[in-house]
Amino acid sequence: MSKLVTKMLATGAAVSMLTLPGAAPAVASSLGGDSVREAPAEASLPDPSSDSSSPDDSSAADASAADADAGAGRRGDNTADKTADKDASAQAAAEGTKVQLLNITDFHGRIAEAGTQLASVVEEERANYAAEEGTAGTGLLSAGDNIGASTYVSSSQQDTPTLDVLNAIGAQASAVGNHEFDQGIDDLTGRVSSESDFPYLAANVYDKGTTDVVDGLEGYTTIDVGGVKVAVIGVVTKDTKSLVSPDGIADLDFGDPTDAVNRVADEIEALPAGEQPDMTVVEAHLGASSSESLGDAQASNAEFDKLVTQADASVDVLFTGHTHLPYAFEAPVPGESDRTRPVIEAGSYGEYVGQVQLEADAEGNWTTENSDLIKTADKDYDSPVVDEVAKIIADADEKAKVPGSVVAGEISEDITRATKDGEEDRGAESTLGNLVADALKDGVEGTQLDEADFGITNPGGLRTDLRCDDIYNTEDKCEVTAAELSSVLPFANDHGVVTMQGSDVIGLFEEQWQPADASRPFLHLGISDELEVVYDSDAAKGEHVKSVEVDGKKLDPDKEYRVATLSFLAAGGDNFSSFAKGDFELSGLTDFETWVDFFEKSTDENEKVSPDNDERQADLTKDVIDNGDLTVDFAAPDNGIEPGESKDFVLNTTAEAEVPGPVDVTVDLPEGYTVSAADSGSAEAQKAVTSETAKAPEVKVDAAAKTMTLESIPAGASDVAINVTAPDDASGEVTVEVGLKAGEGEWWDDNPLPVSHEFEATAQIGDEANAAAGDDGGVDGASDGAGADSDADGGAGGDNGTSEASGSGANGDGANADVSGATSANADGSGAEADGSKDGGDLPRTGFEALNLVAAALALIVAGSMAATMVRRRKTVG
């Protein structure tokens with residue numbers, strides 16, 4: 001796909017990212033029984049679009065002049081004259097008046113997925129309610145996030161098709177959600193508002209430094225529902241300031257939502273009697289993070305709790321949103337213990353329609369007759385409105401398919417976001433998040449910018465998964481189209497590089513622990529392959545990050561690093577304020593363009609894009625050694641080791657429960673020593689087992705990676721024998737160091753060994769030789785190997801020291817030994833005196849990466865033979 005095409009595809013997508021809990025599978029209610037129901041059977045009624053609840057009702061013109069005189073804001077298009085028989089006081093609908101309110105929230109442009117189903121439920125419920133005796137009418141409202149983070153059919157056309165759908169189904173008012181600000185306040189008050197037949201409400205969105213509602217938005221409006229005047233107050237979460245690109249809201253303040261509701265409620269109460277509404281409802285783009293019960297919901301989010309418990313008693317219904325959780329509660333009205341009011345959230349993506357049916361009592365208060373969440377799945381209602389919605393969606397889909405069907409690449413398997421209990425989990429690592437970070441880093445190449453050191457992205461920016469079975473148009477299984485890639489990153493953020501101090505990079509990872517009032521306590525950043533991070537989730541605030549490595553080297557707090565990322569994060573979005581301390585350079589591309597380019601590059605190289613299942617961030621609290629679930633000892637051979645000899649050092653583990661593998665064992669030796677994995681089933685390995693109950697776990701060897709890998713660590717005691725061969729001229733002591741760390745596997749924040757643990761054991765060189773001085777010098781050097789057997793005559797001044805050794809390069813030691821060391825002999829029997837003058841200290845260490853750990857012996861293991869490096873062993877006397 002050309003750069004021009006991808007830019008055209010991305011121009012309509014939004015800019016910000018929402019941080020939300022995943023939708024809960026169950027719907028909470030305090031009403032008793034199942035609060036979710038299917039839509040009722042179809043009723044045969046006239047076209048509901050001619051009902052007096054339509055936003056085009058002629059009564060609006062009669063009310064507009066009075067509204068303008070009262071200075072009550074944008075209400076004229078939706079206000080009906082109060083009927084003459086109503087009381088002059090506020091909230092004074094005639095006793096027995098019945099009204100139905102339908103509500104949606106967090107639709108996010110899901111017209112292709114749920115547009116006609118949503119329209120069907122709305123139309124059917126309108127019709128059924130109108131057929132009931134004594135009902136006034138039905139109102140349709142939204143709690144915001146109608147647009148933004150949309151799927152491709154809508155996002156590729158700047159969400160205009162979604163606004164057309166909402167206009168068609170007769171939406172009468174909407175709160176602003178945080179995503180309405182994705183392209184900035186000017187886009188919201190300009191293009192979006194002009195394309196909407198309903199007002200956007202934002203009572204707590206102010207011109208910076210004031211409490212004046214920003215121009216182009218209103219604090220509330222009044223709609224007509226079958227002759228009943230309903231005041232609708234709209235507010236949005238204060239978190240919006242961190243959920244959208246800061247540049248687009250630089251001149252705005254987001255105030256306390258409940259304070260704004262109460263301020264507007266006072267304004268409404270102060271209106272002249274003839275202008276006061278019959279009912280007041282709140283559309284709040286904020287919500288609970290738990291839906292088990294009203295109490296749990298209140299405890300889960302302070303903003304929600306304040307709204308429920310402190311919103312003015314004149315408010316009859318609270319519609320909420322933002323958290324994507326479906327729930328329906330009845331909450332006490334503050335100060336009026338004998339009254340309750342509905343608190344509703346209709347889930348997300350058009351999966352539910354919230355329904356509240358109310359009746360006025362003798363005092364003009366409204367009581368809840370019915371409060372439900374109605375599922376929209378598979379609904380199909382015969383109505384001209386539904387037909388109109390279907391045509392809007394079909395036209396939009398047709399326009400989107402031409403560019404959206406272009407195949408950008410192919411995946412080898414599903415690449416997904418993290419999940420927990422079947423729901424998206426933004427607090428855990430994901431293959432998709434890390435892949436996007438890889439693409440952001442890779443996307444710097446070929447631009448005018450200098451290369452980036454690594455890439456970082458946020459989990460809220462990932463809006464769907466890449467799955468082989470997802471087919472957008474006619475592509476083959478596992479092929480990925482531009483539309484599918486856009487659905488993953490729908491926001492059209494600018495791509496670029498932030499140059500920042502290493503200390504601020506550490507700060508970024510510390511900021512994964514969000515502020516106390518944030519909707520999520522932890523946001524797990526996606527990071528590119530160059531980074532490795534270890535943190536401790538149980539540590540104190542500001543001390544969580546334990547290590548950050550870049551390309552295997554510890555990050556330098558005083559060094560500058562270049563970080564490929566998105567404009568949203570570069571401006572400090574999602575509370576990652578450390579980004580804003582750096583200098584951001586634009587690449588001239590969007591995140592979507594770099595994403596498409598990443599896939600096209602793989603296609604050009606005839607490669608499939610695959611997930612990396614290696615964990616890049618790990619939690620130290622999961623470490624089984626650190627938390628005491630696993631103890632490890634490393635022991636040297638009891639009788640030391642002779643020059644030229646092989647002996648088993650034993651790694652003993654005792655586990656409370658099985659530690660799932662793979663677990664990598666690395667070995668660090670002095671120069672000249674070699675090591676191999678002992679055959680866990682061999683007699684030598686079994687002799688090394690330290691207890692009768694210990695087992696030797698299955699060991700695999702990777703010669704290329706120079707590691708020995710345990711398939712797992714069994715519960716209880718287990719031993720791993722590590723065969724070390726000393727060089728012929730060894731003396732003094734030898735210290736062997738082993739490291740344990742989780743190997744490559746799908747750990748995903750359940751890593752049993754996130755950091756490397758090192759253990760040392762020291763053996764004396766030559767103890768056995770010294771102890772055996774004066775014996776008959778008999779040597780049995782028999783050992784199985786890959787080469788031919790050879791006889792060695794070790795008679796250098798002693799008895800025949802005949803030995804049998806097989807394998808290339810086999811050595812035989814002489815029969816004589818002095819007090820300072822051992823005499824070495826070549827395989828042909830010619831002896832040479834070993835240097836016995838060493839001071840007994842450790843030989844120079846080379847580090848694991850620097851020496852040929854596996855050498856010939858390890859190669860034999862990989863080939864299927866468990867033979868050790870050739871040695872000659874002294875016979876035991878007796």
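Owing to the predicted nature of the structure, the values given are computational and were not obtained by experimental measurement. Values below: all heavy atoms of this structure, side chains included; hydrogens, waters and symmetry mates excluded.
- No side-chain donor-acceptor contact under 3.5 Å links S712 to the backbone of P714.
- Residue D453 holds its CG atom at 6.0 Å from NZ of K559, rounded to the nearest 0.5 Å.
- One finds no salt bridge joining E543 and K541 here, because no Lys/Arg side-chain nitrogen approaches an Asp/Glu carboxylate oxygen to under 4.0 Å.
- A donor atom on one side chain and an acceptor atom on the other are not found under 3.5 Å apart for T419 and E424.
- When each of E429, Q512, E532 is paired with Q617, the side chain to side chain donor-acceptor pair (under 3.5 Å) condition holds for Q512 and for no other.
- Using modelled atom types, no side-chain atom of D145 and backbone atom of H108 make a donor-acceptor pair closer than 3.5 Å.
- Between atom CD of residue E303 and atom CG of residue L286 there is a gap of 5.0 Å, rounded to the nearest 0.5 Å.
- For F579, the ring pair (Phe, Tyr, Trp, His ring centres under 6.0 Å) criterion is met by no residue, not counting sequence neighbours.
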Kindly determine whether V632 and L651 satisfy side-chain contact (heavy atoms from CB on, under 4.5 Å), including the steps that lead there.
CA-CA 7 Å; V632 180; L651 185 72; 3.6 Å; yes
Full working for salt bridge (Lys or Arg N to Asp or Glu O under 4.0 Å) between K553 and D551
CA-CA 6 Å; K553 297 180 180 179; D551 292 324; over 6 Å; no
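- Atom CZ of R562 and atom CG of L449 lie 6.0 Å apart (nearest 0.5 Å).
- In this structure, the separation between CG on N178 and OG on S242 is 9.0 Å, given to the nearest 0.5 Å.
- Between K622 and D626, none of the side-chain N atoms (NZ, or NE/NH1/NH2) sits under 4.0 Å from a carboxylate O, so this pair counts as no salt bridge.
- Of the possible polar contacts, none joining the H757 side chain to the L740 backbone as a donor-acceptor pair under 3.5 Å is found.
- Here the CG atom belonging to L523 is positioned 8.0 Å from the CG atom belonging to N575, to the nearest 0.5 angstrom.
- Taking the six-membered ring where tryptophan is involved, the planes of F454 and Y561 are tilted, since the angle between them lies from 30° to 60°.
- The minimum heavy-atom distance between N751 and A742, with the atom names listed, is OD1-CB, 3.0 Å.
- Donor-acceptor pairing under 3.5 Å is lacking for the side chains of T735 and E760.
- For H285 and H179, the ring centers are positioned 6.0 Å apart or more.
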Let's go through M500 and V505 carefully: what are the C-alpha distance in whole Å and the side-chain angles of both, what is the deciding distance for side-chain contact (heavy atoms from CB on, under 4.5 Å) to 0.1 Å, and is it a yes or a no?
CA-CA 7 Å; M500 57 195 306; V505 174; 3.8 Å; yes
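- When only modelled atom types and interatomic distance are considered, Q298 and T309 share no side-chain donor-acceptor pair under 3.5 Å.
- Qualifying side-chain hydrogen bond (donor to acceptor under 3.5 Å, both in side chains) partners for E451, counting only residues two or more places apart in sequence or in other chains: K441.
- For the residue pair E733 and T762, no side-chain donor N or O sits within less than 3.5 Å of a side-chain acceptor on the partner.
- Centroid-to-centroid, the aromatic rings of F254 and F181 come within less than 6.0 Å.
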Stepwise side-chain contact (heavy atoms from CB on, under 4.5 Å) test for D574 and F568
CA-CA 8 Å; D574 266 353; F568 167 76; 3.8 Å; yes
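- For K546 and D623, the salt-bridge test fails: no basic side-chain N is under 4.0 Å from an acidic carboxylate O.
- Counting only N and O atoms by type, the side chains of S412 and S610 include a donor and acceptor under 3.5 Å apart.
- To the nearest 0.5 angstrom, I506 atom CD1 is 10.5 Å from Q501 atom CD.
- Ring planes of H524 and F522: perpendicular class, angle over 60° (limits at 30 and 60°).
- Closest heavy-atom contact between W595 and A439: CE3-CB, 3.7 Å.
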Applying side-chain contact (heavy atoms from CB on, under 4.5 Å), run through S718 and I713 and close with a yes or a no.
CA-CA 7 Å; S718 65; I713 297 176; 4.1 Å; yes
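- By the salt bridge (charged side-chain N to carboxylate O under 4.0 Å, His left out) test, K581 is found to be paired with D504, residues two or more places apart in sequence or in another chain being considered.
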S602 vs E607, side chain to side chain donor-acceptor pair (under 3.5 Å): CA-CA, chis, key distance, verdict:
CA-CA 5 Å; S602 296; E607 294 179 355; 5.0 Å; no
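- Counting only N and O atoms by type, the side chains of R417 and S430 include no donor and acceptor under 3.5 Å apart.
- Using a 3.5 Å distance cut-off with no hydrogens or angles, the side chains of Y535 and T621 do not pair a donor with an acceptor.
- Judged purely by distance below 3.5 Å, without hydrogens or angles, the side chains of E530 and S528 pair a donor atom with an acceptor atom.
- In this structure, D648 contributes its side chain and V650 its backbone to no donor-acceptor pair below 3.5 Å.
- A donor and an acceptor atom, one from each side chain of D612 and N434, are nowhere located under 3.5 Å apart.
- For F592 and H495, the gap between ring centers reaches or exceeds 6.0 Å.
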